[in-house]
Protein chains: 2
Amino acid sequence: MTITIRDVADAAGVSTATVSRALRGLANVDEQTRARVQQVAVDLDYVISPSASRLASGRTGSIGVVTPYIARWFFATVLSGVEGVLQNAGMDLLLMSVSSADGHLRLPPAPRLRRRVDAVLAISLPPDDPQLTEVLALGMPTSLIGTQRAGVPGVTIDDVQAGRMATQHLINLGHTSIGVIGGYQVDALHTAEHDRYRGYVQAMQTANLPVDRNRETYGYFTVTGGEQAMTQLLTHPNRPTAVFVMSDEMAFGAIRAMRAHGLTPGKDISIVGVDNHDLAELLDLSTVAQPVADMGRIAAESLLVQLRTGAANSGLESLQLPTQLIVRGSTAPVA
Amino acid sequence: MTITIRDVADAAGVSTATVSRALRGLANVDEQTRARVQQVAVDLDYVISPSASRLASGRTGSIGVVTPYIARWFFATVLSGVEGVLQNAGMDLLLMSVSSADGHLRLPPAPRLRRRVDAVLAISLPPDDPQLTEVLALGMPTSLIGTQRAGVPGVTIDDVQAGRMATQHLINLGHTSIGVIGGYQVDALHTAEHDRYRGYVQAMQTANLPVDRNRETYGYFTVTGGEQAMTQLLTHPNRPTAVFVMSDEMAFGAIRAMRAHGLTPGKDISIVGVDNHDLAELLDLSTVAQPVADMGRIAAESLLVQLRTGAANSGLESLQLPTQLIVRGSTAPVA
DNA sequence: TTGTAAGCGTTATCAT
DNA sequence: ATGATAACGCTTACAA
């Protein structure tokens with residue numbers, strides 16, 4: 001019923017081995033033969049059975065993308081970059097979310113990944129995350145996006161620099177009382193937010209400005225989280241005149257909080273975010289732009305290279321992409 | 001090296017057949033035996049080979065999600081709903097984007113889907129799209145999200161009603177000169193935008209208001225597209241006093257265009273969108289909310305049912321989820 | 001360059 | 001309830 005390599009072989013008058021070689025573009029196949037086989041395959045509307053191929057070859061031809069979120073801008077944008085590259089390479093993309101945020105108790109990714117993918121792409125998993133550790137223990141090529149871990153290739157931006165740029169921008173505008181809205185806890189090691197915080201501290205200290213932990217809040221990288229964090233800052237005794245927000249989405253929330261308090265971004269308090277979200281321009285938000293889709297593309301390509309090279313986690317170390325400060329109306333000289 | 005069902009069978013002192021039954025929870029297995037087998041499997045850290053299982057059973061245990069976009073809010077949100085359900089059901093999610101928007105000439109989905117998934121979930125593919133037709137010709141269970149096609153189960157909202165609600169809201173506010181920003185071409189049959197347009201026309205005609213095609217523009221469902229469309233409307237001889245925009249993202253662009261012209265949403269021109277995008281509230285945008293993540297969840301669940309029932313496209317017809325008008329500051333009584 | 005044939009690790013049929 | 005064993009459809013040494 002379903003047509004197999006056997007049928008193609010018979011129709012083309014060759015062996016299944018030759019069909020296999022011809023169709024996969026291997027060398028050592030007479031071009032005449034190859035052409036004939038290809039033609040027959042098309043005529044018969046032959047489609048290879050991935051399962052059989054995988055079983056026989058040991059390769060799955062698919063890569064797993066592990067991400068804590070799907071619907072958030074950063075993750076969706078990275079994912080779209082990854083998808084483009086993988087589809088182009090003829091690889092299957094197995095999408096797997098890890099995160100109990102939506103209530104479900106999810107199985108750890110490692111067991112779900114075993115034997116079903118050739119490589120893994122992990123988006124913004126904290127480098128010390130035990131789930132990540134388990135995945136790495138699987139021993140397959142792995143690439144990290146947004147975070148760094150020794151010995152594992154990946155793509156990030158220079159988060160320290162991003163934090164420094166954003167903060168320095170505020171300092172340059174004359175601000176001395178500068179607050180921070182982070183994600184969860186800036187103390188976690190090696191995460192993007194920690195690095196961004198370090199950049200903030202560097203800039204402040206270089207300018208001999210006080211780093212006041214009372215002006216540090218967390219917005220959980222969500223709009224509403226940012227709104228709450230900003231509200232907290234606004235109700236603080238001596239509120240900051242400027243705030244470095246570690247993501248645009250949180251900054252959007254912060255802007256909303258300001259409006260609720262009758263305050264105008266840029267005019268009353270300066271706000272600078274990170275990402276250059278699609279809507280940052282619309283909201284006139286100053287931000288440190290990062291090439292999100294490119295991060296996905298490049299990480300995916302690096303993974304394909306690892307796969308071809310055969311060497312797991314070899315050679316390619318962590319790559320840092322450039323960021324760019326984009327000044328808009330949400331930041332202005334201190335009154 | 002890699003441990004197989006054979007190893008488990010030997011260690012448990014049973015045949016591979018029994019191991020297979022025991023581990024899959026089939027009936028006709030002594031519970032004592034099952035328990036022992038399970039224990040051995042755990043001890044040996046046995047993981048089934050999906051390829052072998054698929055080859056032998058003919059089922060892939062994975063479903064393909066076909067979408068034109070990944071990074072756009074609606075699609076990413078649907079996708080996250082789908083992913084949650086599938087992961088919960090132990091199904092693999094194969095993500096496949098169709099769209100030449102990012103430059104790549106992509107292979108049609110049907111050949112890429114054949115023999116590698118058990119079912120397909122298509123997000124917002126026009127019902128008359130030849131690619132969709134090819135996918136359906138594959139004869140596997142398929143579910144549509146956001147569009148309807150005779151004989152194919154799916155989940156949508158009542159787009160006619162959505163268009164009517166939005167428009168009627170503007171009419172209720174006293175507007176008589178109402179423009180439209182659609183996606184591509186509202187003439188395409190059965191697409192969401194066509195239905196929304198029909199709803200608009202219904203409302204206008206019921207109110208004895210003129211439907212002026214000069215006040216119909218297209219924003220390609222993007223922010224910048226919406227901006228351009230709005231700009232076009234604004235530079236029109238007699239501009240509308242209110243605009244029904246078929247998606248929030250386009251509405252965001254429209255708002256930006258208004259600002260560029262020194263106009264304020266709600267005050268100078270009323271704007272109502274569709275979606276209730278995460279940032280709609282922030283931008284004070286009135287909109288017709290649709291339960292996007294739910295659409296993904298429900299469609300995925302319906303697909304799982306089809307898979308279990310075994311009947312392709314049987315029973316379950318298209319399901320419509322309720323929408324809700326959310327009134328915010330971007331719509332106000334006509335001056 | 002091409003063919004032969006032994007796997008690859010399950011599932012499922014048919015006995016027992 | 002359990003066991004033998006024939007598929008499942010391809011890849012890949014090894015031969016020729």
Side-chain angles (χ1 to χ4, degrees), chain A residues 1-41 44-62 90 92 111 114-118 307 310, chain B residues 1-41 44-62 90 92 111 114-118 307 310:
Chain A
M1 220 220 68
T2 62
I3 106 131
T4 76
I5 199 175
R6 181 72 273 150
D7 301 314
V8 177
D10 291 348
V14 297
S15 71
T16 60
T18 298
V19 173
S20 180
R21 296 185 195 107
L23 258 28
R24 281 184 299 154
L26 295 190
N28 297 328
V29 174
D30 186 279
E31 284 311 320
Q32 307 269 328
T33 310
R34 190 195 302 281
R36 182 155 38 91
V37 169
Q38 286 173 332
Q39 186 56 53
V40 169
L44 264 45
D45 197 24
Y46 168 69
V47 175
I48 197 176
S49 158
S51 326
S53 173
R54 289 167 188 187
L55 179 57
S57 70
R59 288 172 247 103
T60 66
S62 59
D92 284 351
R114 286 185 59 182
R115 293 175 147 240
R116 42 188 69 217
V117 300
D118 295 335
L307 243 26
Chain B
M1 223 220 63
T2 61
I3 105 133
T4 76
I5 199 175
R6 181 74 272 152
D7 301 313
V8 178
D10 292 347
V14 295
S15 71
T16 60
T18 298
V19 173
S20 181
R21 295 185 195 107
L23 259 28
R24 281 183 300 155
L26 295 190
N28 296 330
V29 176
D30 186 279
E31 283 310 320
Q32 307 270 326
T33 311
R34 190 194 302 281
R36 183 156 36 91
V37 169
Q38 286 173 332
Q39 186 55 55
V40 170
L44 264 45
D45 196 25
Y46 168 69
V47 176
I48 197 177
S49 159
S51 324
S53 174
R54 288 168 187 184
L55 178 57
S57 71
R59 288 172 247 104
T60 67
S62 59
D92 285 351
R114 286 184 58 178
R115 292 173 150 245
R116 42 187 70 216
V117 300
D118 295 335
L307 243 25

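So you know, we letter chains A, B, ... as the sequences are listed, proteins then strands, and number each from 1.
- OP1 and OP2 of C:dT2 both lie 4.0 Å or more from every side-chain N or O belonging to A:Ser15.
- With C:dT11, C:dT2, D:dT11 as the choices, the nucleotide that has an atom nearest any side-chain atom of B:Ser20 turns out to be C:dT11.
- The side chain to side chain contact (heavy atoms under 4.5 Å, CB included) test with B:Tyr46 is passed by exactly one of B:Ile5, B:Thr2, B:Asp7: B:Ile5.
- You'll find the side chain of B:Arg115 reaches within 4.5 Å of the side chain of A:Pro50, heavy atoms only.
- D:dT12 atom P lies 14 Å from atom CG of A:Leu23, rounded to whole Å.
- A donor-acceptor contact under 3.5 angstrom links the side-chain atoms of B:Arg21 to the base of D:dG3.
- In the region residues 52-61 of chain B, proximity to DNA chain D at under 4.0 angstrom, judged on heavy atoms, holds for B:Leu55, B:Ala56.
- D:dG9 atom P lies 15 Å from atom CG of A:Leu44, rounded to whole Å.
- OP1 or OP2 of C:dG3 lies within a sub-4.0 Å distance of a side-chain N or O belonging to A:Thr18.
- Of the candidate nucleotides D:dG9, D:dT12, C:dT10, C:dT10 has the atom nearest to the side chain of B:Ile5.
- For the pair A:Gly61 and A:Asp118, the tightest heavy-atom approach, listed with the atom from each and the gap, is N-OD2, 2.7 Å.
- In this structure, B:Asp30 does not pair ionically with B:Arg34, as no charged nitrogen and carboxylate oxygen lie closer than 4.0 Å.
- Nearest to the side chain of A:Val14, among D:dT11, C:dG3, C:dT10, sits C:dG3.
- One atom, CG of B:Asp10, and another, P of C:dT10, lie 12 Å apart when rounded to the nearest Å.
- Side-chain atoms of A:Thr16 do not come within 3.5 Å of backbone N or O of A:Arg6 as any donor-acceptor pair.
- Using a 4.0 Å cut-off between charged side-chain N and carboxylate O, A:Asp45 and B:Arg114 make a salt bridge.
- Rounding to whole angstrom units, CZ of residue A:Arg115 and C1' of C:dG9 are separated by 8 Å.
- Heavy atoms of A:Thr33 sit under 4.0 angstrom from primed sugar atoms or phosphate atoms, though from no base atom.
- Atom CD in B:Glu31 sits about 9 Å away from atom P in D:dA1, given to the nearest Å.
- Checking C:dG9, C:dT10, D:dT11 against every side-chain atom of B:Thr2, the shortest atom distance belongs to C:dG9.
- A:Asn28 comes within 4.0 angstrom of a nucleotide base, judged by non-hydrogen atoms across all strands.
- Look at OH on B:Tyr46: it is 7 Å from C1' on C:dG9, rounded to the nearest Å.
- In this structure, B:Asp7 places its CG atom 12 Å from P of C:dC8, rounding to the nearest Å.
- For B:Asp92 and B:Arg54, the salt-bridge test passes: some basic side-chain N is under 4.0 Å from an acidic carboxylate O.
- The nearest whole Å value for the distance from the CZ atom in B:Arg34 to the C1' atom in D:dA1 is 11 Å.
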